Each structure stands twice: as structure tokens, then as C-alpha cells.
Amino acid sequence: MTPRVVEPPASLGMGVSVYPSATAMVWPGEGHAHEAVAVPGVRLGPGDTLVEVELATVCGSDVETVLGHRPASTPLVLGHEQVGRVIALGRGGAKTTDGKRVVLGERVVWSAAVPCGRCARCRRGVPQQCASLQKYGHERMRRGWELSGGFATHTHILGGTPLVAVPEHLPAEVLAPASCPTATVAAALEAAAAIVPLDGALVVIAGAGMLGLTAAAMATEAGAKVVVSDPVPERRDAALLFGAVAVADPAAAPGSRSGLPHALAKVGGRASAPSIALELSGADSAVRSLLSVVDVGGVLVLAGSVSPGSDLPVVPEILVRHLLTIRGVHNYAPRHLEEAVRFLSDAGTKYPFAQQVGAVFPLAEVDAALASSGFPRVAVRP
């Protein structure tokens, strides 16, 4: 049954009722199953948007949270990768990142984070690390913002959240990850390209999960030659479908034909040292491996190391003599979400992105979705 929005005349931006009631799947904490909570009314502030969720994909961070590997304030509505359709607007309406007014019925994706736009970091151009950053699917459920994550029939988008309109023809399975892996990869590639142009570059990527596969496709589209390293054979096979010209097994014995040096030599010939290295696996060993192979004047971008790990031994002399750059990427700016949607609009069906969503669960079965394994992504469909 399609929800019907009911609002008193001349009250746009105030109380909005949804019939049937919006439902959020709320996680009470470690060791507990999700509970369905009805949210019959939503109070939209100025610039807020109410979106009916079409599909939400499960990020690895969602799984780590329910397993107790990531700290979280509960009760919590998880989920920060989704696509949906606008069904109500707060007073004054909202705008997409390109300055256009959001209209009812528009299909959109939105940033995983809400920057304030006023603090020193936002003014300095790093809103992704806003001093008062709020993140969908990460904040404790509170009165007035009950629909704060993607594992719900609706999401309450706060004013100031970057919103991007998306094409109608693209499958939801392609679009939902835009607000996490696709936009993060756009930020990582921008960080790399600021040091070394992507066109013609030899790029090595550690990790062939959703981040690594997306990076392989985006770098390939930008003109790079891509080598992907991952210990799982099925993931290495998938990387070849996403544009990688060679793959490597980081666990291969030294000198093995399946190892990274052989793959790089196969692709790069005499100039086999990559000028760009992207660490997207989060493995400490991968960071050390990439640092040892990146070429003089090259850049190593770290985007997978989002959990505490061991210290990285770096010899200052090598950084100096090899003119190396190490850059970190966490979250992303609004322009990166725009770039993610542009890329998916152009190449989202060229590569098998939709097939990476291996299973789709009803919203009520979100616990089963979180427990599922073997696919880069699974999804819940309200």
C-alpha cells in the first residue's frame, strides 16, 4: 500500500502524518534483535525533506556495529546507503547540491553526513569533518528525528544535508551505494589526482570489496590502468569485470606469478611501479605493501583504515627521497556525491554494479540481512 501524506493546510514544514504509519527498524543494542517502531507523525523543520525509501543497502560498518566492533549510541536506526523518493518538504523547501529546488516525487540520494555549514572546518572546505557532524544511521534515535537511518520505510532528511537527484532508469541496486562507497571512492580518486593525473596512470588497489570494485571502474573510466590485489579468488575475478587489467593475491609466495610484483610487471612493463596506490581494504599489511611499491613522485591514498590498527612504520628518508605523498580520506564532500551520481549515470550499467547486491530482504528481516554474507552488498526493501 502506497503511503499517503496528510498535512494540515498551510502547515508545510510543520507536522506531517503518514498513513500507513512510517516504520523504523530500531536496533536496541548488541545482542538484541531489531524492533519495528511506528512513527505516525514527522515534524519537518525548515529545509527538511521526508523521503520514502525505495531500497537500502547494508554497509560493512552496519554489520560491525551490530557485532559490537564499532561504538554506537542506542537505540539506533542503522542504514546510510539508500535511494528514495521525496514525499514531503519542510517550510521553504530544499535544494539539491546543484542549486535546483527539490520537487515532490523526485528520486534522490543524500549524503551520509549532515554538515553544519558554519564551523571553521566547513568554511575551510572540509564539511565531511564538520565539528558538529551528524551521520545517518549512526546517531541515537531521538524525539523529533526518529527516522534517522535508511532501515525504515521513510527517512527524515535534515536541512543542510547534500541531496542529489538521480535518474529514473537506473536500478535502485546501482544507486543505493552512491552515498557511501561510490562517493568515498570519488573523494579518494580526487585526492590521488591532485598529485598524479589518473589518465594514463598505473593504479594499484588493495581490496576488492564494494570500495575496491567501484574504484577499479571509476579509475578505468578516467583512463588509468588498474591492478587489484585481494586474497579472495572470487573477489579477484569480480575485479576483472570492473575494469582491472590484472589481479594479484597478496598472500602469494614471493616470486609467485599470482603475486603483486608479477601483476604490476605484466601491466606496466619496465615502468611497473604504480604512481597511484589506493588502500581500500583496511588491512595493515596492505598499507605496508602498497607503500613499498608506489613509484617515485607517487601517492598513497588511505580510505579503508577506519578502525584502530597497528602503527605504520614510515622511514622519513624514503618519503623525502622518493617524493612520496600519503593522503587520508574519510567521508566526502557534497561534490563527491555529485560525482558519484554522474559516474553511475554514465557507467552504472556498463559494469555489473546491480549484481553486487546478492540478496534483497524485506524490511522486517533486517537482522537476516545483517547476518548475510558472501556478497559485496545485500539490501532491504521497504
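Values in this document were obtained by computation on a predicted structure and should not be read as measured data.
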So do [Y] and [X] actually touch side chain to side chain, heavy atoms under 4.5 Å?
X	Y	result
Leu324	Val294	yes
Val378	Phe361	yes
Ile87	Leu104	no
Ile157	Thr155	yes
His336	Glu190	yes

Locate the shortest heavy-atom distance separating [X] from [Y]; write the atom from each residue and the value.
X	Y	result
Gly15	Arg43	N-NH1, 3.9 Å
Lys225	Gly200	CE-O, 4.5 Å
Val247	Leu240	CG1-CD2, 3.8 Å
Ala248	Ala263	CB-CB, 4.0 Å
Arg377	Val58	CD-O, 2.9 Å
Leu344	Val174	CD1-O, 3.5 Å

Salt bridge between Arg381 and Glu173, side-chain N to carboxylate O under 4.0 Å?
->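 Salt bridge flag = yes for Glu173 with Arg381.
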Kindly compute the distance separating [atom1] ([X]) from [atom2] ([Y]), expressed to the nearest 0.5 Å.
X	Y	atom1	atom2	result
Leu147	Leu50	CG	CG	7.0 Å
Trp27	Asp367	CH2	CG	10.5 Å
Leu89	Glu106	CG	CD	9.5 Å
Leu202	Asp295	CG	CG	9.0 Å
Leu189	Ile276	CG	CD1	7.5 Å
Arg143	Met141	CZ	CE	10.0 Å

Donor-acceptor pair, distance only, cut-off 3.5 Å: does the side chain of [X] make one with the backbone of [Y]?
X	Y	answer
Arg236	Pro231	yes
Tyr332	Ser179	yes
Asp249	Gly259	no
Glu146	Gly144	yes
Arg140	Thr74	yes
Arg327	Leu302	no
Arg121	Gln129	yes
His262	Arg257	yes
Asp237	Glu234	no
Ser21	Ala38	no

In the single-linkage hydrophobic clustering (I, L, V, M, F, W, Y; side-chain heavy atoms under 4.5 Å), do [X] and [Y] co-cluster?
X	Y	answer
Leu175	Met210	yes
Leu319	Leu323	no
Val287	Val301	no
Tyr19	Val53	no
Val83	Leu170	yes

List the steps and the verdict of side-chain contact (heavy atoms from CB on, under 4.5 Å) for Val357 and Thr57.
-> CA-CA 8 Å; Val357 181; Thr57 42; 4.1 Å; yes
In sequence, state the C-alpha distance, the side-chain angles, and the governing distance for Glu54 and Arg107, and then conclude on salt bridge (Lys or Arg N to Asp or Glu O under 4.0 Å).
-> CA-CA 9 Å; Glu54 180 181 351; Arg107 198 182 190 209; 3.0 Å; yes
Are there more than 12 heavy atoms of other residues, nucleotides or ligands under 6.0 Å from atom CZ of Arg321?
->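 Result for CZ/Arg321: open.
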Decide if atom CZ of Arg118 counts as having more than 12 heavy atoms of other residues, nucleotides or ligands within a radius under 6.0 Å.
->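 Atom CZ in Arg118 is not packed in, count stays at 12 or less.
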Gln134 and Ser132: side chain donor to acceptor below 3.5 Å =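 Checked: Gln134/Ser132 side chains show no N/O donor-acceptor pair below 3.5 Å.
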Please check if any side-chain donor atom of Thr220 sits under 3.5 Å from a side-chain acceptor atom of Tyr351, or the reverse.
->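 There is no such pair between these side chains.
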In a check of side-chain contact (heavy atoms from CB on, under 4.5 Å) between His34 and each of Val77, Leu76, Leu78, which one passes?
->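 In the set Val77, Leu76, Leu78, the residue that makes a side-chain contact (heavy atoms from CB on, under 4.5 Å) with His34 is Leu78.
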Kindly determine whether Phe353 and Thr214 satisfy side-chain contact (heavy atoms from CB on, under 4.5 Å), including the steps that lead there.
-> CA-CA 8 Å; Phe353 281 104; Thr214 302; 3.6 Å; yes
Carefully, step by step, assess Arg335 and Glu338 under the rule salt bridge (Lys or Arg N to Asp or Glu O under 4.0 Å).
-> CA-CA 5 Å; Arg335 66 183 180 277; Glu338 290 181 327; over 6 Å; no
Quick one: sort the His80 and His138 rings into parallel, tilted or perpendicular, breaks at 30° and 60°.
->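 The arrangement is tilted - the two ring planes meet at 30° to 60°.
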Between Leu363 and Thr153, is a side-chain contact (heavy atoms from CB on, under 4.5 Å) present by the stated rule, with each step listed?
-> CA-CA 8 Å; Leu363 181 62; Thr153 58; 3.9 Å; yes
Trace of the side-chain contact (heavy atoms from CB on, under 4.5 Å) decision for Val114 with Tyr136 | CA-CA 8 Å; Val114 191; Tyr136 294 95; 3.4 Å; yes
